[in-house]
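Below you'll find the structure, written out as structure tokens, and then a few comments.
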Amino acid sequence: MERLTPLHCNGCMNEILVLGGTGKTGRRIVHRLHAAGIPVRVGSRTAPIPFDWTDRATWAPALSGIETVYVSYYPDLAVPGAPDDIGAFTTAAVDAGVSRLVLLSGRGEDEAATCERVVQGAGIDWTVLRCSWFNQNFSEDYLLDAVLAGEVALPVADVPEPFVDADDIADVAVAALTQDGHAGQVYELTGPRLLTFADAVAEIAAATGRPVTFVQVPPQDYAAALPPEVAELLMYLFTTVLDGRNAHLTGDLRRVLGREPRDFAEYAKATADVW
Ligand SMILES: NC(=O)c1ccc[n+]([C@@H]2O[C@H](COP(=O)([O-])OP(=O)(O)OC[C@H]3O[C@@H](n4cnc5c(N)ncnc54)[C@H](OP(=O)(O)O)[C@@H]3O)[C@@H](O)[C@H]2O)c1
């Protein structure tokens, strides 16, 4: 069950464009904005006004009449083409009259940092949500099949990561999209606890009551088993970024929301029926 942040729509808000509005963070943001009575335009290839990162002709229609945008890039801000796309999109947004961008970003990634600087230099209000690994990678993304098969095999050792929940990210995003006081802020969003991947998988096994194991595999074996279109990105995320550089907690989520972030164990318990 997705939690709702109480909001008060002043009746003065234009439609908010939520890119990736059918994805892990975006659809939670859309849900919250709808619940608050704030008009939303979903930005995705399947939306009524389609938006496609690979077809720039779709950008102006999606941006028409929009002042505020949640920017979730696909596939990942860490890929080499991301800064070019984010630069072109930011220019298109400013030209269309957008005055506020909220960028979903990742921690410790060079390309993502370049994208952040592009948005920060656009001359309009910006907020960066620089997030750690999402809990929902295990239930709504590329780790789901492995969990269902009972074995999560990854090229990672015992590097701790402060997994963060997509519901918490959505709560922060909605605050940044709809409230004053978040412009010019970089929020580093982490969960409340450092866990290794082995710890996280053990939490899932405990929540489901059936065996799910974690196995560390050599990077070359992992790469060889990946579909070519995601191999480079996942190898970068697992072997370069996951080296301990992000193995610390921040208090930013608590600072914005005035409450504790959701713990991985609570996420696993609430998600057990998916596994
Ligand atoms: N996963 C993590 O642990 C993590 C951590 C930190 C940061 N991030 C960042 O999170 C972002 C992804 O956000 P998310 O996880 O919320 O989304 P997601 O679950 O990966 O969903 C992808 C979204 O993008 C849309 N999409 C797919 N291809 C598209 C295209 N060519 N053009 C336009 N839209 C497209 C999809 O909708 P349609 O299929 O309907 O088009 C969907 O709404 C990445 O930029 C990544 O850097 C992720």
Side-chain angles (χ1 to χ4, degrees), residues 2 17-32 40-59 61-63 69-86 88-89 92 101-116 118-119 128-144 154 156 161-174 177 186-191 195 197 200 229-230 232-234 236-238 240-242 245-246 250 252-253 264 267:
E2 292 174 2
L17 174 62
V18 179
L19 300 185
T22 56
K24 292 188 291 301
T25 58
R27 87 183 155 74
R28 289 174 164 83
I29 294 166
V30 169
H31 176 72
R32 284 159 172 72
V40 191
R41 184 179 300 172
V42 171
S44 92
R45 295 165 303 173
T46 51
I49 304 175
F51 175 89
D52 190 336
W53 284 107
T54 67
D55 179 3
R56 294 185 181 187
T58 64
W59 297 4
L63 283 164
V69 187
Y70 175 72
V71 183
S72 161
Y73 184 69
Y74 189 85
D76 197 292
L77 283 189
V79 304
D84 186 46
D85 280 345
I86 292 294
F89 177 79
L101 292 175
V102 176
L103 176 70
L104 175 65
S105 184
R107 295 170 97 204
E109 302 166 0
D110 292 343
E111 303 288 344
T114 305
C115 294
E116 291 176 9
V118 168
V119 168
V128 170
L129 311 184
R130 193 186 286 156
C131 298
S132 48
W133 287 65
F134 302 170
N135 295 345
Q136 281 74 11
N137 293 334
F138 290 98
S139 50
E140 300 174 25
D141 212 324
Y142 53 90
L143 296 175
L144 174 60
L154 294 171
V156 289
E161 171 68 18
F163 293 93
V164 66
D165 200 275
D167 277 312
D168 285 342
I169 299 169
D171 283 344
V172 175
V174 168
L177 290 165
V186 176
Y187 294 131
E188 285 222 12
L189 303 181
T190 75
L195 293 98
F197 273 79
E229 63 276 13
V230 294
E232 198 176 336
L233 173 61
L234 290 180
Y236 173 72
L237 294 176
F238 279 116
T240 305
V241 182
L242 200 66
R245 72 184 72 177
N246 297 325
T250 75
D252 287 3
L253 207 143
F264 193 91
Y267 151 76

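Below, each value reflects all heavy atoms present in this structure, side chains not excepted, and no hydrogens, waters or symmetry copies. Start at 1 and go down the list; that is how both ligands and their atoms are numbered. Just so it is clear, the model here is predicted, and its values are computed rather than measured.
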**Prompt:** Do Phe238 and Trp133 have their ring centres less than 6.0 Å from each other?
**Reply:** yes

**Aromatic centroids of Phe138 and Tyr267 separated by under 6.0 Å** = no

**Contact residues of ligand 1 (heavy atom under 4.0 Å), by chain and number** =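 Lining ligand 1: Gly20, Gly21, Thr22, Gly23, Lys24, Thr25, Ser44, Arg45, Thr46, Phe51, Asp52, Trp53, Ser72, Tyr73, Tyr74, Pro75, Asp76, Leu77, Leu104, Ser105, Gly106, Cys131, Ser132, Trp133, Phe134, Asn137.
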
**Asked** Parallel, tilted or perpendicular for Tyr73 and Trp53, by the 30°/60° rule?
**Response**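 Correct class here is perpendicular.
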
Taking only residues two or more places apart in sequence, or in another chain, which ones meet [X] in a salt bridge (charged side-chain N to carboxylate O under 4.0 Å, His left out)?
| X | result |
| --- | --- |
| Glu111 | none |
| Glu140 | Arg27, Arg28 |
| Asp84 | Arg56 |

